[in-house]
Amino acid sequence: MSTPRQVLIIDDHDSVREGLELLMRRRGHRTISATDGEEGLRILEERGADLVITDLKMAKADGIKVLEGVKHTSPTTDVLVITGHGTVETAVKAMKLGARDFISKDFSTEEFGIKVDRILRERDERMRLQQENLALRVENTYLRSEAGDGGTPYGEMVGQSEGIRQVKRFVERVARSDSTVMVYGESGTGKELVARAIHARSTRHTGPFIRVNCGALPEGLLDSELFGHERGAFTGAAKQRRGRFELADGGTLFLDEIATINAATQVRLLRVLQERELERVGGEETIPVDVRIVAATNMSAADLLQAEGFREDLYYRLHVVPWTVPPLRERRDDIPLLAEHFVKKLRGRTRSAVSAIGAEAMNRLTEYDWPGNVRQLENVIERALVLAERDVLEESDLPLLVNVNGPESSHSLAIDANGSETIDLGRAVDDMEAGVIRQVLARTAGNRTAAARHLGITKSKLLYKIRKYGIDG
């Protein structure tokens, strides 16, 4: 018996359609059916199929229209045409339009089974060759990117410190397995880079790498985003949608800010991790998924385990192969390498003439504690390139670093090279959000559950923002 496939059967005769469905199910395949070509093409667009079996003569959108629609909507789907006439002209026309084969309505069960098996076998071979070609292209691109990055196989995971060498050794070890990985680390340390490096070195490297920022999605949309939904599952669900798990099938799914997901989503996620299958929102069909999970959080492992509202059983499902990415202040030797890397990377975007960093500026960068880690360093270098007037970056080009061990400017205003005030919009928004949270916490006497309710967010998301902004008590 072949691997189960999704087969769409289109025929306006109930007895023929039901008989074909029975034949396909007996051969181990999943079936969906339609009574005319228009309905069949609509189902194909919404649910997809590996093989379409269609009658040639139908009242609404005959087999020729179906063929044309399939090749437009789903070019990789094969089509087997059933004709009651069996003329050479009809068969030739169907084959020219892209039908994989045809069969007359007086077929035997054995003949039909042979044709279907051959079509699916040939499809497997085509897909295998396409996958091999894709793998070669990915490998060539990867090798070119290594050469273009000075032979660095980790992209922007730049550094030579012991901390970054340990991260790279960890990536090499875990990439060989399919085990779930949990990456801990402060915001901006490069947790997504670790996830991408694991994927690139795994046997899944030719498959998709799908990223979901769980903290950025409203509660009502997260389930649909992760698990997909059926048409009509909720208001606005006008068509079926595959979720990120299905999109990542055969590859890696990176779940960032995992600590922010709500209780209901945690239950659904736990089931997928345990059973490797899911049901779309509003659906009843069980869909198997082959996905490697890499999750990340800016909490420590101990804090995540003790976090209110985060399931202990989910923690242990995720905490299979854990790793903590060190903050930038613990690998200061990497700061000069990173700073020079960002100068090269951002010169074009900023149209800057800077080609080097002066000694005093580099000392200042190296001695700073970088609470925002690598992401903050990149932002500071970009702003400095915009402000710099010479071809060497000087200490005076780093106005946002107020003092060696202090934070960046406590407000969102900076002074540009002409002495005028400029507004850092992202920082202004963060400052405003932090201020609102402080006010609500003060109003609720520090009761975080009540504060979350007043703010209209989950408690886990409030805790994340409290850590992000360094809010006390």
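Any value given below was found using the heavy atoms of this structure, including those in side chains, with hydrogens, waters and symmetry copies removed. Sequence positions, counted from 1, serve as the residue numbers for this chain.
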- Message: Between Arg467 and Glu186 (salt bridge meaning N to carboxylate O under 4.0 Å), is one present in this structure?
- Response: no

- Task: Enumerate the residue pairs fulfilling salt bridge (charged side-chain N to carboxylate O under 4.0 Å, His left out) with a member in residues 254-267, sequence neighbours excluded, ordered by first and then second residue.
- Result: Arg211-Asp256

- Message: Under a 3.5 Å distance rule, please check whether Thr444 uses its side chain to pair with a backbone N or O of Leu441 as donor and acceptor.
- Response: yes

- Message: What I'd like to find out is whether the side chain of Leu226 reaches to under 4.5 Å of the side chain of Leu255, using heavy atoms alone.
- Response: yes

- Note on the structure: When rounded to the nearest 0.5 Å, the distance separating CD1 of Ile293 from CG of Leu318 is 8.0 Å

- State plainly whether the residues Arg331 and Glu162 are in salt-bridge range, i.e. N to O under 4.0 Å. no

- Message: Please report the interatomic distance CG(Leu365) to CG(Leu377), rounded to the nearest 0.5 Å.
- Response: 6.5 Å

- Enumerate the residue pairs fulfilling ring-ring contact (aromatic ring centres under 6.0 Å, His included) with a member in residues 256-289, sequence neighbours excluded, ordered by first and then second residue. none

- Partners of Pro336 by side chain to side chain contact (heavy atoms under 4.5 Å, CB included), sequence neighbours excluded? Met362, Thr366

- So Thr286 and Glu277, side chain to side chain donor-acceptor pair (under 3.5 Å) or not? Walk me through it. CA-CA 6 Å; Thr286 299; Glu277 61 185 27; 4.9 Å; no

- Task: Determine, for Arg42 against Glu38, whether the closest basic-nitrogen to carboxylate-oxygen distance falls under 4.0 angstrom.
- Result: no

- Message: Taking atom CD as the centre, does Gln160 end up with more than 12 heavy-atom neighbours from other residues, nucleotides or ligands that are less than 6.0 angstrom away?
- Response: no

- Less than 4.0 Å between a side-chain N and a carboxylate O, is that true for Asp334 and Arg165? no

- Does the side chain of Asn373 pick up a donor-acceptor pair with the side chain of Thr189 at under 3.5 Å? no

- Task: Would you confirm whether His205, through its side chain, and Ser202, through its main-chain N or O, come within 3.5 Å as a donor-acceptor pair?
- Result: yes

- Item | Partners passing side chain to side chain contact (heavy atoms under 4.5 Å, CB included) against Pro288 (at least two apart in sequence or in another chain) | none

- Determine, for Arg280 against Glu230, whether the closest basic-nitrogen to carboxylate-oxygen distance falls under 4.0 angstrom. yes

- Item | Backbone of Ala49 reached by a side-chain donor or acceptor of Thr77 within 3.5 Å | yes

- Task: Answer yes or no: is there a side-chain heavy-atom contact under 4.5 Å between Ile53 and Ile10?
- Result: no

- Item | Qualifying residues under side chain to side chain contact (heavy atoms under 4.5 Å, CB included), relative to Glu225, sequence neighbours excluded | Leu217, Arg241, Arg244

- Query: How are the rings of Trp370 and Tyr368 set relative to one another: parallel (under 30°), tilted (30 to 60°) or perpendicular (over 60°)?
  - Reply: perpendicular

- Message: I'd like to know if Arg268 pairs up with Glu279 as an ion pair, taking the criterion as any Lys NZ or Arg NE/NH1/NH2 lying under 4.0 Å from an Asp or Glu carboxylate oxygen.
- Response: no

- Glu312 meets the salt bridge (Lys or Arg N to Asp or Glu O under 4.0 Å) criterion, sequence neighbours left out, with none

- Salt-bridge present (Asp124, Arg5; N to O < 4.0 Å): yes

- Message: My understanding is that only residues two or more places apart in sequence, or in another chain, count here; which of them pass side chain to side chain donor-acceptor pair (under 3.5 Å) with Glu340?
- Response: none

- Any side-chain heavy atom of Arg201 within less than 4.5 Å of one from Glu172? yes

- Non-hydrogen atoms of Asp333 and Ser161 that approach each other most closely: CB-CB, 4.5 Å

- Message: Suppose we screen for side chain to side chain contact (heavy atoms under 4.5 Å, CB included). Which residues come up paired with Gln274, at least two apart in sequence or across chains?
- Response: Leu270, Arg317

- Do Asp397 and Arg383 sit within salt-bridge range, that is, some charged N less than 4.0 Å from a carboxylate O? no

- Query: So does Arg332 pair up with Asp369, basic N to acidic O under 4.0 Å?
  - Reply: yes

- Query: Taking only residues two or more places apart in sequence, or in another chain, which ones meet Arg121 in a side chain to side chain donor-acceptor pair (under 3.5 Å)?
  - Reply: none

- If you count the non-hydrogen atoms of other residues, nucleotides and ligands that lie under 6.0 Å from CD in Glu284, is the total more than 12? no

- Message: My understanding is that only residues two or more places apart in sequence, or in another chain, count here; which of them pass side chain to side chain donor-acceptor pair (under 3.5 Å) with Arg375?
- Response: none

- What residues form a ring-ring contact (aromatic ring centres under 6.0 Å, His included) with Phe245, not counting sequence neighbours? Phe227

- Nearest non-hydrogen partners of Met24 and Ile9, listed with the distance: CG-CD1, 4.2 Å

Side chains of residues 294-310: which donor-acceptor partners sit under 3.5 Å, not counting sequence neighbours?
residue, atom, partner, partner atom, Å
Thr297, OG1, Met299, N, 3.1
Asn298, ND2, Ser187, OG, 3.4
Ser300, OG, Asp303, N, 3.1
Ser300, OG, Asp303, OD2, 3.2
Glu308, OE1, Lys459, NZ, 2.2
Glu308, OE2, Lys459, NZ, 3.3

